[in-house]
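Throughout, a chain's letter reflects where its sequence line sits, starting with A, and its residues are numbered from 1.
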Amino acid sequence: MKKLNQNQSVTRTSAGSSQSLPNFAILDLRESLLSWYAQGGRDLPWRHHRDPYPIWISEIMLQQTQVKTVIPYYHRWLERFGTIASLAESSQQDVLKLWQGLGYYARARNLHAGAQAIVQDHGGSFPTTLEAALSLPGIGRTTAGGILSAAFNLPLPILDGNVKRIFARLIGLQMPPAKAMKLLWQCSEVLLDPENPRDFNQALMDLGATVCTPKAPDCNRCPWIAHCQAYQLQMQADLPMRQTSSPLPHKQIGVAVIWNERGEILIDRRRQEGLLGGLWEFPGGKIEPGETVPDCIHREIREELAIAVEVGAQLIILEHAYTHFRVTLTVHHCRHVAGEPQPLESDEVRWVRLDEIDQFPFPKANVKIIEALRQSPNSSFQP
DNA sequence: TAGCCGTGGTA
DNA sequence: TTACCAAGGCT
């Protein structure tokens, strides 16, 4: 027989998460946060809507991405894909082109596939239940709660980076948030105001973005200062605790700008799955130990495209950082010598003119190569 | 569970 | 320059 607890505390036994939910002053926390929000909340474009479609777009764009970065993409998106139906009917290439530069390109592929699923399964209207929203690609519990609370005022909690940080400080969490997800979700569930879920969730995110910031939080403007464990212990700078991370690997990459006799350049479309899936790139690959850059380019182009090239002058050297590694790209002009290019390790290959290359979606590092091509003196391979 | 998945801003 | 981080999801 289970013992019932009189208060809100939850005792947990699994290793690494022994901390328990505090006995919150729930009504006080709700009221103070909501009145802070009424005065200090942000005016953001997607908050002018109750239509779930623009809210969905904003929530996906805002995943791991700052508001300032999102805003121009958000407006461009709604101008180009005004309805779920129009998004569903568009080509993936058009969708990726609009997303170019935002990163995490699976988000764009998932929006596209999600729109098609909504047309097929929900008559073209965004679903109104948690279960149905969660079944759409790219929508997890936080995003589903964010959309459904904002659009329909449904009482669903959220747990994004802002909220994790706020609660980690509020309760003085003694472990990295990743080790206490269950407890943090409980905080969000228990505190959520069932009368005002929309405003409460938005207020939490605004508090995290403008007051309870990662560095140098502005505690004197915080409505929860009287309840905050981190503030009482003066540990704001030390919470949330961080996980140990391993250093980023650094890869050397050889890249080829291959010209044919018509002055066109060879590009390939990356496979759907994995890094930069569905985007176009200049072919190339990792420089093996002991290999020169021209050696690498000859080998990679043979393996990926089954053609022979002559490696010419260096165009540019680029540094680029991804989430889990860094790369140095050494880019050379090349001349196509023999063979018809085959998409052996890509979905498609294509010869394009420099003046039409902007039609294709490219990752950031490749955009830099295109800019270098436009600015630099012509290669001897270029007619 | 922890690693993969982009890019831009910041100290 | 380096490291961290931002309205996370997926496997």
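- Within 4.0 Å (heavy atoms only), L279(A) reaches no atom of the nucleic acid at all.
- Look at Y105(A) and you'll find a side-chain N or O under 4.0 angstrom from OP1 or OP2 of dT7(B).
- The distance from atom CD of Q64(A) to atom C1' of dG9(B) is 14 Å, rounded to the nearest whole Å.
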Please test D193(A) against N196(A) for side chain to side chain donor-acceptor pair (under 3.5 Å), starting from the C-alpha separation and ending with a verdict.
CA-CA 5 Å; D193(A) 185 345; N196(A) 304 284; 3.1 Å; yes
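- Between the D121(A) side chain and the A132(A) main chain, no donor and acceptor come within less than 3.5 Å of each other.
- Screening F81(A), Y74(A), Y73(A) for a ring pair (Phe, Tyr, Trp, His ring centres under 6.0 Å) with W77(A), the sole residue that qualifies is F81(A).
- Looking at heavy-atom distances under 4.0 Å, R42(A) makes contact with a base.
- The phosphate of dG6(B) has neither OP1 nor OP2 within less than 4.0 Å of any side-chain N or O from H320(A).
- D358(A) pairs in a salt bridge (Lys or Arg N to Asp or Glu O under 4.0 Å) with only one of the listed residues (R374(A), R353(A), K97(A)), which is R374(A).
- Set against dA2(B), dT7(B), dG9(B), the side chain of Y322(A) has dT7(B) as its closest nucleotide.
- In terms of position on DNA chain C, the residue among L248(A) and L62(A) whose nearest nucleotide sits closer to the 5' end is L248(A).
- Taking a heavy-atom distance under 4.0 Å as the criterion, the stretch of DNA chain C touched by chain A extends 5' to 3' from dC4(C) to dC10(C).
- Only the P atoms considered, dC4(C) is 14 Å distant from dG3(B), to the nearest whole Å.
- Following rounding to the nearest Å, L276(A) (CG) and dC5(B) (P) show an atom-to-atom distance of 9 Å.
- For T65(A) and dG6(B), a side-chain-to-base donor-acceptor distance below 3.5 Å is present, hydrogens and geometry of angles not being considered.
- In this model, the phosphate group of dC4(B) is approached by a side-chain N or O of H324(A) to a distance below 4.0 Å at OP1 or OP2.
- Heavy-atom contacts from other residues, nucleotides or ligands closer than 6.0 Å to OH of Y231(A) number 12 or fewer.
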